[in-house]
**Student:** 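Pasting a structure below so you can have a look.
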2 protein chains.
Amino acid sequence: MRLPKKERQRLIKKAFSDDPFITDEEMAKRCGVSIQTIRLDRMELGIPELRERIKHMAENNFDRVRSLALEEVIGEVIDIQLDHSGISIFEIKKEHVFARNRIARGHYLFAQANSLAVAIVDAEVALTASAGIRFVRPVRLGEKCIAYAQVFNKQSSRLQINVQTKVNGEIVFQGVFDVYRAEEDGWVK
Amino acid sequence: MRLPKKERQRLIKKAFSDDPFITDEEMAKRCGVSIQTIRLDRMELGIPELRERIKHMAENNFDRVRSLALEEVIGEVIDIQLDHSGISIFEIKKEHVFARNRIARGHYLFAQANSLAVAIVDAEVALTASAGIRFVRPVRLGEKCIAYAQVFNKQSSRLQINVQTKVNGEIVFQGVFDVYRAEEDGWVK
DNA sequence: CCATATATTAATACCAAGTCCTAAAACAGT
DNA sequence: ACTGTTTTAGGACTTGGTATTAATATATGG
């Protein structure tokens, strides 16, 4: 027994967690111990076999990639009256917060509001020209943000949209977006 | 022969590409054809076996997750003078543009500027209170955005930062961010 | 020092989801 | 009817395991 069981298991746990692609055989060599010992350790530590580990990774990221690819809009738009108003919901997940204090990064709230504002505009393509925004209070991990957008000034190709985002009825973000309809492939109309 | 070979292979290709977790057996059932036929098709189409598909997915995303986790900041900060100024670079990739016209979504430009503004502040945690921004001209797929941030008003816990983003020297985005230093776990200082 | 744990290794049977190879059917076109 | 493509079928072998049983080390308490 080179190193005590506990020590070895700590090592194994770490090794598998920062490289899940190691086979038991390889791990056995690394620890200078038989394959069976590694298997036993995995059992005790509740670490699944190679294929399962890989599969889980792939599955997790598959969803991630999916939702990212689908994410033409950040937040789920649940209601739209074109050129008039709209509502979207966005839940703050781990990937949206500062690891430090679990407060949402501002740009996600902005992205939700911006996406909604752009979605409301009845045009092939809409772009934001400018915006004024306020982060009223920090939003925390797990909170559900509901953004309400309302057009309050409508010209032929330019819309002004007010967006308020609330968590449990409490305003957390407020912004005014100046959005314009754009041509198929380019610049201002 | 239910459907012609070509047709079936088209189907198989699509099926595997939008759900890589299907076994040959399952696919065989779906196509009403034997397992061997599916294997032959896979050979011809150059589609690897289930485990390899899954492994590749996991491997690809392994790196991606890593770099994403590191992405505390959107865009690469290349220079920082705390409480004074900073520069970051951000290249517009496929995932940042509207599929339609390859113009960058506004919130990525915002995110770059916001991240930079927050990074400049010399504090455990900094949060954005408000911002006024202008998207001066649309930014296209492949363009390199260089954001220059400059603090122009500094109070004890509140900083005003001007951010200008340029592509080839041309201004594409401009914003003023009002950022404050926050306590470890929470609300305003 | 011996008995009893605990830890480690070995050995075997079995599984999933394949590969690789050979060979027999099925069917189509001419 | 003959040839060529397509489809099936079957068996041997591979990886990276699980599950189980049994033997052997090593340690620990009395």
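Note: hydrogens, waters and symmetry copies are ignored here, and every other heavy atom, side chains too, is used.
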**Student:** How would you list, by chain and number, every residue that makes a side-chain contact (heavy atoms from CB on, under 4.5 Å) with Ser85(A), sequence neighbours excluded?
**Tutor:**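 With sequence neighbours excluded, Ser85(A) shows a side-chain contact (heavy atoms from CB on, under 4.5 Å) to Gln81(A), Gln150(A), given in chain and number order.
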**Student:** Quick one: Glu52(A) CD to dA16(C) C1', roughly how many Å, whole number?
**Tutor:**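 In whole Å, dA16(C) C1' lies 11 Å from Glu52(A) CD.
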**Student:** Can you name the residues that form a side-chain contact (heavy atoms from CB on, under 4.5 Å) with Arg10(B), not counting sequence neighbours?
**Tutor:**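 side-chain contact (heavy atoms from CB on, under 4.5 Å) list for Arg10(B), sorted by chain: Glu7(B).
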**Student:** Check the distance between dA7(C)'s P and Glu7(A)'s CD and give it to me in whole angstrom.
**Tutor:**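 Roughly 15 Å, once rounded to whole Å.
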**Student:** Between C1' on dT18(D) and CD1 on Ile47(A), what's the gap in Å once rounded to a whole number?
**Tutor:**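 Checked: the CD1 to C1' distance equals 16 Å.
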**Student:** Taking only the side-chain nitrogens and oxygens of Arg8(B), find out if one of them lies under 4.0 Å from OP1 or OP2 of dT6(D).
**Tutor:**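 No, outside the criterion.
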**Student:** Rounded to the nearest Å, what distance is computed from the CG atom of residue Asp24(B) to the P atom of nucleotide dT8(D)?
**Tutor:**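 So the CG-P distance, Asp24(B) to dT8(D), works out to 14 Å.
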**Student:** Apply side-chain contact (heavy atoms from CB on, under 4.5 Å) to Arg42(B) and list each qualifying residue two or more places apart in sequence or on a separate chain.
**Tutor:**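 Testing Arg42(B) for side-chain contact (heavy atoms from CB on, under 4.5 Å), a comparison that skips the adjacent residues, returns Phe16(B), Asp24(B), Arg39(B), Ile47(B), Glu49(B), Arg53(B).
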**Student:** Residues in side-chain hydrogen bond (donor to acceptor under 3.5 Å, both in side chains) with Glu91(A), at least two apart?
**Tutor:**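 If we apply the side-chain hydrogen bond (donor to acceptor under 3.5 Å, both in side chains) test to Glu91(A), skipping adjacent residues, there are no hits.
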**Student:** Classify the side-chain pair Gln174(A)/Thr165(A) by whether it contains a donor and acceptor separated by less than 3.5 Å.
**Tutor:**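 Gln174(A) vs Thr165(A): no donor-acceptor pair found between side chains.
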**Student:** Below 3.5 Å is the cut-off: list the nitrogen or oxygen pairs between protein and nucleotides 13-15 of chain C, distance only.
**Tutor:**
none

**Student:** Output all residues satisfying salt bridge (Lys or Arg N to Asp or Glu O under 4.0 Å) with Asp79(A), sequence neighbours left out; order by chain, then residue number.
**Tutor:**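 Per chain and number, Asp79(A) pairs via salt bridge (Lys or Arg N to Asp or Glu O under 4.0 Å) with no residue.
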**Student:** Under a 4.5 Å cut-off applied to non-hydrogen side-chain atoms, are Val97(B) and Arg105(B) in contact?
**Tutor:**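 Side chain of Val97(B) against side chain of Arg105(B), heavy atoms only: no contact under 4.5 Å found.
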**Student:** May I have the distance from Glu26(A) (atom CD) to dG16(D) (atom C1'), rounded to whole angstrom?
**Tutor:**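 It is 12 Å, rounded to the nearest whole Å.
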**Student:** Taking any heavy-atom pair under 4.0 Å as a contact, classify Arg53(A): base, sugar-phosphate, or nothing.
**Tutor:**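 Nothing, no heavy atom under 4.0 Å.
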**Student:** Between atom NZ in Lys55(A) and atom C1' in dG17(D), what is the gap in whole Å?
**Tutor:**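 These atoms are roughly 14 Å apart.
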**Student:** Mind checking whether Ile103(B) and Leu127(A) have side chains closer than 4.5 Å, heavy atoms only?
**Tutor:**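 SC-SC contact between Ile103(B) and Leu127(A) confirmed.
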**Student:** Please report the end-to-end axis angle for the helix from dC1(C)-dG30(D) to dT30(C)-dA1(D), five pairs per end, rounded to 10 degrees.
**Tutor:**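 That helix has its two terminal axes inclined by roughly 10°.
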**Student:** Who passes ring pair (Phe, Tyr, Trp, His ring centres under 6.0 Å) against Phe110(A), sequence neighbours left out?
**Tutor:**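 Testing Phe110(A) for ring pair (Phe, Tyr, Trp, His ring centres under 6.0 Å), a comparison that skips the adjacent residues, returns Phe177(A), Phe110(B).
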**Student:** Going by side-chain contact (heavy atoms from CB on, under 4.5 Å), name the residues that satisfy it together with Ile146(A), two or more places apart in sequence or in a different chain.
**Tutor:**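 By the side-chain contact (heavy atoms from CB on, under 4.5 Å) rule, Ile146(A) matches Ile87(A), Ile89(A), Tyr148(A).
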**Student:** Would you kindly give the CD1-to-P distance between Ile22(B) and dA16(C), to the nearest whole Å?
**Tutor:**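 Rounded to the whole Å, the gap is 19 Å.
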**Student:** With sequence neighbours excluded, give me every salt bridge (charged side-chain N to carboxylate O under 4.0 Å, His left out) pair touching residues 161-177 of chain B.
**Tutor:**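 Those involving residues 161-177 of chain B are Arg137(B)-Glu170(B).
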**Student:** When all nucleic acid strands are considered with a 4.0 Å heavy-atom cut-off, which category describes Met43(A): base, sugar-phosphate, or nothing?
**Tutor:**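 Counting heavy atoms under 4.0 Å across all strands, the contact made by Met43(A) is with sugar-phosphate only.
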**Student:** Please list, in numerical order, the residues of residues 34-41 of chain B that have a heavy atom closer than 4.0 Å to any atom of DNA chain D.
**Tutor:**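 DNA chain D contact set from residues 34-41 of chain B: Ser34(B), Gln36(B), Thr37(B), Leu40(B).
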**Student:** Given dT19(C), dT8(D), dT18(D), which nucleotide is nearest the side-chain atoms of Val33(B)?
**Tutor:**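 The nucleotide sitting nearest to the side chain is dT8(D).
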**Student:** Among all residues two or more places apart in sequence or in another chain, which pass the salt bridge (Lys or Arg N to Asp or Glu O under 4.0 Å) test with Glu52(A)?
**Tutor:**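 Residues passing salt bridge (Lys or Arg N to Asp or Glu O under 4.0 Å) with Glu52(A): none at all.
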**Student:** In whole Å, I'd like the distance from the CG atom of Leu50(A) to the P atom of dA16(C).
**Tutor:**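 Spelled out: CG on Leu50(A) to P on dA16(C) is 18 Å.
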